[in-house]
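The block underneath contains the structure these notes are about, expressed in structure tokens.
What you see is a predicted model, and the numbers here were worked out from it, not measured in a lab. Chain letters run A, B, ... following the sequence lines, proteins first and then strands; every chain starts at 1.
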There are 2 protein chains.
Amino acid sequence: MHSFTEENYLKAIYHLSEGNMEAVSTNQIAEMTNTKAASVTDMLKKLAEKKLINYIKYQGVTLTNTGVNAAVNIIRKHRLWEVFLVEKLGFKWDEVHDIAEELEHINSDTLVNRLDDFLGNPVADPHGDPIPDRSGLIKHKKLVKISDMQTGESGTVSGVSEHSSIFLKLLEKMGLTLGTKIIISELIEFDGSIMLTIDQKTERTISREVAKNILVIL
Amino acid sequence: MHSFTEENYLKAIYHLSEGNMEAVSTNQIAEMTNTKAASVTDMLKKLAEKKLINYIKYQGVTLTNTGVNAAVNIIRKHRLWEVFLVEKLGFKWDEVHDIAEELEHINSDTLVNRLDDFLGNPVADPHGDPIPDRSGLIKHKKLVKISDMQTGESGTVSGVSEHSSIFLKLLEKMGLTLGTKIIISELIEFDGSIMLTIDQKTERTISREVAKNILVIL
DNA sequence: TAATTTGTTTAGATTAATCTAAAAATTTGT
DNA sequence: ACAAATTTTTAGATTAATCTAAACAAATTA
Ligand SMILES: [Mn+2]
Ligand SMILES: [Mn+2]
Ligand SMILES: [Mn+2]
Ligand SMILES: [Mn+2]
């Protein structure tokens, strides 16, 4: 259907347009896909030809409905495979992304749907990101950055906005994995770091930089 | 490491040299990989350059040790994924080959080995073909074609030499799946067809063509 | 063993994805 | 508003994998 490369561009465009409703720029895509702007322009012409994106020279791109569907399907596969790797094969949450980057391109609707059932139709991947259902629907949870919380507020760690292995390993070491309950005990004015209680037991201070990348449900 | 395409050539050469110890010809490879002889020659030069094959112009090729290891590793992955699809996701034995053709190129030793453990270190795939262990060792069973058996002999269906969906579905319909016990009751002289008893119950006649492609352990 | 057939390689193109360098358009800053 | 800076596109090459047609080598067969 679409080549491996085309799929990666669609995914990149999708992720870049999540949240902000504006068109995505050539340079943004080049950075995301580790290519150069000239290569991106070539690919944009091809994707536009295939009606997967809306593209006007110098104006950036948006995905068409077809394009969104294709992108969401790849993301669904990526996240389901990540669940498989963690839940069934015993990988850690910081080890699965690169393998899922390959598995997400395996082409078989039956396979994805059976995998989904085999895993018990999970609603989130190991990093807390929502898994689109087979019709492409995504249930977004209302998540708040720890850095935006006030003293006394409490919540459950339910996602991360930074997926690097080094960050995920750090969270694990600090006991801040998904499902952990936290209460903000103090906001340190000096450097913006945050003191919190983890699972009603441990007291811990985290930097603002870390706090910005941990998402909780209040 | 090696490209998707290179891996497919290595696998083709491996399968073509199984059994017969001779060098494999350009045309054989072209047929197996659905390409033309000229394309094969180009790729052979590249694989020889990488020391994966022994290649002398006009003389055909053999795999080097490195080449054999690479090929066996791909076959290991292919067969493990087939077991996964059948045992865990509920696919039929005639539905898994094409998906495994894609999955076999996923690149992660950890993944393969954990999958192997998850599946309980199976020794054969859904078609009875042996699964190489993590060091590349293959335990071949002594298999005999039904067409080579004599009246009165008995055995257990343990493999097939034809993997097409149409043939596998036929075997299923006839109750000749892996593990089935058979006894040769009569060899029909007229057309070479074979009458046999299945699981001590059913009597059935199969054509010589079918019999040639079913492998049993005596 | 010479002629013919068959199989293999080379020559020259094509397509997808990428790049660098240069040109063109847009945006920014004074 | 216009010059400068930034971004994007075009032009022209490159690499991997493929093809067709033609040249060449090996095997067969008369
Ligand atoms: Mn991921
Ligand atoms: Mn994830
Ligand atoms: Mn197979
Ligand atoms: Mn098989």
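- Counting only residues at least two apart or on different chains, the ring-ring contact (aromatic ring centres under 6.0 Å, His included) pairs with a member in residues 108-130 of chain B are B:His127-B:His163.
- Note: B:Phe4 and B:Tyr9 fail the aromatic proximity criterion, with ring centroids not under 6.0 Å apart.
- When the side-chain nitrogen and oxygen atoms of B:Lys36 are compared with OP1 and OP2 of D:dT18, none of them lie within a distance under 4.0 Å.
- Side-chain contact between A:Val160 and A:Asn213 is absent, with no heavy atoms from C-beta onward closer than 4.5 Å.
- Residues passing the side-chain hydrogen bond (donor to acceptor under 3.5 Å, both in side chains) test with B:Ser193 are B:Asp191, sequence neighbours excluded.
- Of the residues in residues 5-14 of chain A, those lying under 4.0 Å from DNA chain C by heavy-atom distance are A:Thr5, A:Tyr9.
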Distances under 3.5 Å between nitrogen or oxygen atoms of protein and nucleotides 8-11 of chain C:
residue: C:dT8; atom: OP2; partner: B:Asn27; partner atom: N; Å: 3.0
residue: C:dT8; atom: OP2; partner: B:Asn27; partner atom: ND2; Å: 3.2
residue: C:dT9; atom: OP1; partner: B:Tyr55; partner atom: OH; Å: 2.4
residue: C:dT9; atom: OP1; partner: B:Tyr58; partner atom: N; Å: 2.9
residue: C:dT9; atom: OP2; partner: B:Thr26; partner atom: OG1; Å: 2.9
residue: C:dT9; atom: OP2; partner: B:Thr41; partner atom: OG1; Å: 3.0
residue: C:dT9; atom: OP2; partner: B:Tyr55; partner atom: OH; Å: 3.4
residue: C:dT10; atom: OP1; partner: B:Lys57; partner atom: NZ; Å: 2.7
residue: C:dT10; atom: OP2; partner: B:Lys45; partner atom: NZ; Å: 2.7

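- In this structure the side chain of A:Glu6 reaches within 4.5 angstrom of the side chain of A:Leu47, judged on heavy atoms.
- Residues meeting the ring-ring contact (aromatic ring centres under 6.0 Å, His included) test with A:Tyr58, sequence neighbours left out: none.
- When both distances must be under 3.5 Å, the Watson-Crick or G-U wobble mate of C:dA25 is D:dT6.
- Following rounding to the nearest Å, A:Met43 (CE) and D:dT8 (P) show an atom-to-atom distance of 17 Å.
- Residues passing the side-chain hydrogen bond (donor to acceptor under 3.5 Å, both in side chains) test with A:Glu102: none are found, sequence neighbours excluded.
- D:dA16 atom P lies 17 Å from atom CZ of A:Phe4, rounded to whole Å.
- A salt bridge links A:Arg76 with A:Asp116: at least one charged nitrogen is closer than 4.0 Å to a carboxylate oxygen.
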